[in-house]
Chemist: 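Attaching a single structure in structure tokens format; questions to follow.
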Amino acid sequence: MRIGELAERAGTTTRTLRYYEARGLLPARRDANGYRDYDERDLKLLRQIRTLQDFGFDLEETRPFVECLRAGHPEGDSCPASLAVYRRKLDELDALIGELQAVRAQIGVRLALAEDPKCELGGEQW
């Protein structure tokens, strides 16, 4: 299939596909007349990239999954490098959750103080 059809089927733009090609994530095969030529495997690569980006992975973090698919594995997350990226992402998310929980606790304390009429910060004493 040509680049326009692949972009449409993947729900993206031809510009994005060219960018992925430049970054080495999408193969740059050409047919006899010089047009880019793609197949269903390329569509699978793009869907993998898109799913991971929807989960918050940056483009470079998708590379091990793409390489796993290119190596012939049925799923992009069945290779050790992909599993390592999953583990790093979970650690990153756990850290962010911890930070957000700490901020939430601080805001909860501030709210409780602000709502307490005996508190200098709260109620009608302003």
Side-chain angles (χ1 to χ4, degrees):
M1 72 187 92
R2 298 239 171 105
I3 193 168
E5 182 183 351
L6 180 63
E8 184 177 329
R9 289 183 63 190
T12 191
T13 64
T14 57
R15 182 177 178 179
T16 298
L17 298 183
R18 287 186 197 99
Y19 179 70
Y20 291 171
E21 182 182 312
R23 298 285 307 265
L25 293 169
L26 191 62
R29 291 184 308 272
R30 304 274 181 163
D31 62 17
N33 59 5
Y35 291 110
R36 288 175 173 87
D37 185 41
Y38 300 100
D39 58 25
E40 293 299 320
R41 291 173 299 190
D42 300 317
L43 182 59
K44 188 171 185 172
L45 290 176
L46 290 171
R47 287 183 174 150
Q48 177 79 77
I49 292 168
R50 185 109 191 214
T51 297
L52 292 168
Q53 287 190 308
D54 287 348
F55 291 159
F57 288 68
D58 66 38
L59 191 57
E60 195 55 37
E61 288 174 317
T62 70
R63 188 173 299 281
F65 298 86
V66 168
E67 289 172 356
C68 189
L69 285 170
R70 280 187 180 162
H73 294 272
E75 299 299 326
D77 57 5
S78 61
C79 295
S82 303
L83 298 175
V85 172
Y86 274 155
R87 286 186 192 96
R88 280 194 307 271
K89 184 57 78 174
L90 284 176
D91 289 345
E92 181 183 310
L93 291 170
D94 288 341
L96 289 171
I97 289 168
E99 291 172 21
L100 289 171
Q101 287 174 330
V103 169
R104 187 188 190 291
Q106 292 172 356
I107 291 172
V109 168
R110 299 288 302 201
L111 176 61
L113 289 172
E115 290 178 335
D116 184 353
K118 297 177 227 154
C119 175
E120 289 181 23
L121 295 176
E124 300 166 11
Q125 295 180 359
W126 281 65

Chemist: Does some side-chain heavy atom of D42 sit less than 4.5 Å from a side-chain heavy atom of R29?
Modeler: yes
Chemist: What residues form a side chain to side chain donor-acceptor pair (under 3.5 Å) with Q53, not counting sequence neighbours?
Modeler: Y20
Chemist: Any donor and acceptor pair, going by atom type alone, linking the side chain of T51 with main-chain N or O of R47 inside 3.5 Å?
Modeler: yes
Chemist: Answer with yes or no whether the hydrophobic clustering places L96 together with F57; edges join I, L, V, M, F, W, Y residues whose side-chain heavy atoms lie under 4.5 Å apart.
Modeler: no
Chemist: Looking at every non-hydrogen atom in both residues, tell me the closest pair between G76 and S82 and how far apart they are.
Modeler: O-OG, 2.6 Å
Chemist: Can you measure from CG (L26) to OG1 (T16) and round to the nearest 0.5 angstrom?
Modeler: 11.0 Å
Chemist: Can you tell me how far apart CD1 (I3) and CG (L17) are? Round to the nearest 0.5 Å.
Modeler: 5.0 Å
Chemist: Determine the minimum heavy-atom distance between S78 and E75, stating which atoms define it.
Modeler: OG-O, 2.9 Å
Chemist: How far apart are the closest heavy atoms of P27 and L45, and which atoms are they?
Modeler: CD-CD1, 4.0 Å
Chemist: Rounded to the nearest 0.5 Å, what separation is found between the CZ atom of R2 and the OH atom of Y35?
Modeler: 5.5 Å
Chemist: Determine whether L59 and T62 make a side-chain contact, defined as any pair of heavy atoms from C-beta on separated by less than 4.5 Å.
Modeler: yes
Chemist: Suppose we screen for side chain to side chain donor-acceptor pair (under 3.5 Å). Which residues come up paired with Q48, at least two apart in sequence or across chains?
Modeler: none
Chemist: Should we say atom CZ of R30 is surrounded by more than 12 heavy atoms from elsewhere, each under 6.0 Å from it?
Modeler: yes
Chemist: Can you name the residues that form a side chain to side chain donor-acceptor pair (under 3.5 Å) with R9, not counting sequence neighbours?
Modeler: E40
Chemist: Could you report the tightest heavy-atom contact between L46 and A10, atom names first, then the distance?
Modeler: CD1-CB, 3.8 Å
Chemist: Can you give me every donor-acceptor pair (side chain of residues 66-74, partner residue at least two apart or in another chain, under 3.5 Å) with its distance?
Modeler:
from : atom 1 : to  : atom 2 : distance (Å)
R70  : NH1    : G24 : O      : 3.3
R70  : NH2    : G24 : O      : 3.3
R70  : NH2    : L25 : O      : 2.9

Chemist: Any side-chain donor paired with an acceptor under 3.5 Å for Y19 and R23?
Modeler: yes
Chemist: Would you mind telling me which of V85, L90, D91 makes a side chain to side chain contact (heavy atoms under 4.5 Å, CB included) with R88?
Modeler: V85
Chemist: Do any pairs count as a ring-ring contact (aromatic ring centres under 6.0 Å, His included) and have a residue in residues 78-101, sequence neighbours left out, and if so which ones?
Modeler: F65-Y86
Chemist: Between CD1 of I49 and CZ of R63, what distance do you get to the nearest 0.5 Å?
Modeler: 9.0 Å
Chemist: So that I can tick it off, tell me whether R36 and D31 are bridged by a salt bridge, with the cut-off set at under 4.0 angstrom between side-chain N and carboxylate O.
Modeler: no
Chemist: Under a 4.5 Å cut-off applied to non-hydrogen side-chain atoms, are V103 and E99 in contact?
Modeler: no
Chemist: Would you give the length of the straight line joining atom CD of Q106 to atom CG of L111, rounded to the nearest 0.5 angstrom?
Modeler: 13.5 Å
Chemist: Report the residues that fulfil side chain to side chain donor-acceptor pair (under 3.5 Å) with K89, sequence neighbours left out, ordered by chain and then residue number.
Modeler: E61, E92
Chemist: To the nearest 0.5 Å, how far apart are OG1 in T14 and CD in E5?
Modeler: 13.5 Å
